[in-house]
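Notes follow once the structure below has been shown.
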Number of protein chains: 2
Amino acid sequence: MPGQRSITEAEKLAGAKLGGIPVRHEQMAVVANIYRAASAVRQHLENSVLRGSELTWTAFVVLWVVWIWGESETRHVAEEAGISKGTLTGVSRTLEARGLVRRSGHPTDGRLVLLSLTNEGEELMQRVFPQFNEEEAFVTERLSDEECRSVAEGLRRVVLQVEEQGEERRLALLDGAEPAPRRSGRRPKA
Amino acid sequence: MPGQRSITEAEKLAGAKLGGIPVRHEQMAVVANIYRAASAVRQHLENSVLRGSELTWTAFVVLWVVWIWGESETRHVAEEAGISKGTLTGVSRTLEARGLVRRSGHPTDGRLVLLSLTNEGEELMQRVFPQFNEEEAFVTERLSDEECRSVAEGLRRVVLQVEEQGEERRLALLDGAEPAPRRSGRRPKA
DNA sequence: ACGATATCGTTCGGGATCAAATTGTACGGA
DNA sequence: TCCGTACAATTTGATCCCGAACGATATCGT
């Protein structure tokens, strides 16, 4: 019902609201649609294949990373999965409790923890991934292979831009100012 | 550090893992990159412009929706913002407490609640949105206007596909099976 | 009329999530 | 050897979020 019409229509309304101030319409549309698409896809996958296996999106991503890359150090898994280390600690413990992953200490560096799939975890992914991929195909059904490549490439550039220049940009924006607090989370000691 | 290389490399590894089973590579790449881009963009915007105004991403989206569409029923706002009704209740109460939005009952339908911006909320958006849009331009800096349009259009189709056929698809997948529970959240009564 | 049914927003249960603080381990130099 | 620094993962505190249950209102059928 929100339809897609709303995006472009919203842009016009926003333009009107802002009066003289120029709006970067194309850029705004990309960001808005990235987020919409991400929510829609995530929700569809959670409600179709994932819930059937009692997996959250994050849990699946973590399993996927370990499945693909093999036994890995937790910090790499967190980075690759796009979640914080703290979150990974909780998620991996849940998965361990369900017998899907194994946590073992690094043989020479006692600070590291390695994650790997158990046989059960391996079997789960063998079963779930094809279903997951099937739904990936479903959600992108209205795009040709060529269009898929082109959209993926465009998104890749966005990711690269943020990864390579985001930090610098944030510093430049805040300049000398304080790093800005966060409403939630543990309070700084000082 | 994960770089973008990892995506395509992961696809190859996944293909190997799956042996004979065919993998829809292009489709997989689109979904993976949608999610990566969404996380990257959200994080960048939260850490740059949003935190300075003590806004979470969700709070900003809610404000934006009400700002653009004007006084609206909560269910429409939730839908448009891509969050659940329950979440919106909390978010809008927080925003009300901060004096940014107003909640008023519908004149004829007693079940409805209408959200609108206060003057203060209006001023906040006048101030914050340009900054937000500026960062939208930053994250998409590596795309031309034309490429922006094309990526946005591709994503739009993904959203439409899920919105128009997702429900049907989910039903077909589960067929007669139960709707599948969720690990967290309040337990069903039965 | 009036009860069954549908629809709204809110409440509630149970994680999920982040960032700071903390704890534990490694490794360099004095 | 012993200390300080560097770097792991984990714990902690506060909040966010979803979806089932709930209570209140509207509407439809008879």
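Note that this is a predicted model, so its numbers are computed, not measured. Just so it is clear: chains get the letters A, B, ... in the order the sequence lines come, proteins before strands, and each one is counted from 1.
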With heavy atoms under 4.0 Å as the rule, sort [X] into base, sugar-phosphate or nothing.
X	answer
B:Leu88	nothing
A:Ser92	nothing
B:Thr89	base
B:Gly86	base
B:Thr87	base

field: Ring center gap for A:Tyr35 and B:Trp57 short of 6.0 angstrom
entry: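 Distance test on ring centres: under 6.0 Å, yes.
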
message: Are B:Phe129 and B:Trp67 an aromatic pair, judged by ring center distance below 6.0 Å?
response: yes

Would you kindly give the [atom1]-to-[atom2] distance between [X] and [N], to the nearest whole Å?
X	N	atom1	atom2	answer
B:Ile83	D:dC16	CD1	C1'	10 Å
B:Glu79	C:dC8	CD	C1'	14 Å
B:Glu46	D:dC16	CD	C1'	11 Å
B:Lys85	D:dG23	NZ	P	15 Å
A:His76	D:dA9	NE2	P	8 Å
A:Leu115	D:dA8	CG	P	15 Å
B:His106	D:dT27	NE2	P	10 Å
B:Arg51	C:dA19	CZ	P	6 Å

When you check the gap from the basic side-chain N to the acidic O, do [X] and [Y] get nearer than 4.0 Å?
X	Y	result
A:Arg142	B:Glu164	yes
B:Arg149	B:Glu153	no
A:Arg127	A:Glu122	no
B:Glu167	B:Arg170	yes

With the side chain of [X] defined as its heavy atoms from C-beta on, choose the nearest nucleotide among [options].
X	options	answer
B:Arg111	C:dA26, D:dC17, C:dC8	C:dC8
B:Glu73	D:dA9, D:dA6, C:dG9	C:dG9
A:Asn47	D:dT11, D:dG19, C:dT17	D:dG19
A:Gln43	C:dT17, D:dA9, D:dG19	D:dG19
A:Val113	D:dT10, C:dA19, D:dC17	D:dT10
A:Arg93	C:dC18, D:dT10, D:dT11	D:dT11
A:Arg75	D:dA20, D:dT11, D:dA8	D:dA8
A:Leu112	D:dA9, C:dC8, D:dC18	D:dA9
B:Thr56	C:dA19, C:dG9, D:dC16	D:dC16

query: Does A:Asp109 or A:Ser84 map to a spot on DNA chain C nearer the 5' end, using the closest nucleotide for each?
result: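 First, find each residue's nearest nucleotide; the 5'-ward one identifies A:Ser84.
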
query: Can you find a side chain N or O atom of A:Thr58 that sits less than 4.0 Å from OP1 or OP2 on C:dT17?
result: yes

message: Can you see if the side chain of B:Arg42 gets near the phosphate of C:dC18 - specifically, an N or O under 4.0 Å from OP1 or OP2?
response: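 Negative; the distance criterion is not met.
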
